[in-house]
Amino acid sequence: MFDFSFSEIALFVMVAMVFIRPKDLPVAIRTLSNGLKAMRRMAAEFQSHVDEMVREADLSEARDQFRDLKNFNLRDRVTKAIDGDNSIRRSLELDTPVKASAADLPKIPPAPPLPPPPLTDLETVPYNARPQFQPAADIPVEPEPEPNDDVVDAPSILPPSTARRLLHERSRWRAPDILPPVRAIHAGRRVTIASGKDGE
């Protein structure tokens, strides 16, 4: 502790034996050991107080950081970073009443009149661009059949073209080859029900 070598300690012991009588030597050693213990205890207590002060300083700093985190408002920070002068917020506010009159609105000019249809020869005009003629009122017109009359029974979720294709392919439907044939009991015997493929 005091960085004494063995020779220095031996010199102290010899001087102590010369000046302290042998009968008082145990009391002197006990007093010296109690003094060393008291010094060590004081040093340990001082070290613990210093450590506690360092810990409290670190904890107070950590406590301040935790309080700052608890009071942290991400929305305000982002708003301040993006719109520091609140110009965007003011431009988007809808609470302020806007008094607009018809005089404040921009003037839109009226649409120009449509040009008259060109008079051309019907044979030079494509078929789909020819004008449609209305039948005369005295000629009876047969009602045209509905385009989806053949798929009325199909589910409404299917498009008509898909429903027509499925109805057309229905005669060719068969069970997959990996499935065993369907069997029924007829007159006490199991009988395979023909599935339409190769006479089965």
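- The distance from the OG1 atom of T31 to the CG atom of L36 is 11.0 Å, given to the nearest 0.5 Å.
- Rounding to the nearest 0.5 angstrom, the gap separating the CZ atom in R30 from the CG atom in L25 is 10.5 Å.
- Counting only heavy atoms from C-beta outward, the side chains of R172 and E169 approach each other to under 4.5 Å.
- A search for side chain to side chain donor-acceptor pair (under 3.5 Å) contacts involving R41 returns nothing, not counting sequence neighbours.
- T162 and L158 get closest at one heavy-atom pair: CG2-CD2, 4.2 Å.
- Summarising the geometry, atom CZ belonging to F12 is positioned 10.5 Å from atom CG belonging to L32; distances are rounded to the nearest 0.5 Å.
- Using a 4.5 Å heavy-atom threshold, the side chains of Q47 and D51 count as touching.
- Note that the CG atom of N86 and the NZ atom of K80 stand 10.5 Å from one another [nearest 0.5 Å].
- For the pair L166/W173, a side-chain contact is recorded, criterion being any heavy-atom separation below 4.5 Å from C-beta on.
- Partners of S33 by side chain to side chain donor-acceptor pair (under 3.5 Å), not counting sequence neighbours: none found.
- Partners of D153 according to the side chain to side chain donor-acceptor pair (under 3.5 Å) rule, which considers only residues two or more places apart in sequence or in another chain, do not exist here.
- A donor-acceptor contact shorter than 3.5 Å links the side chain of D83 to the backbone of S87.
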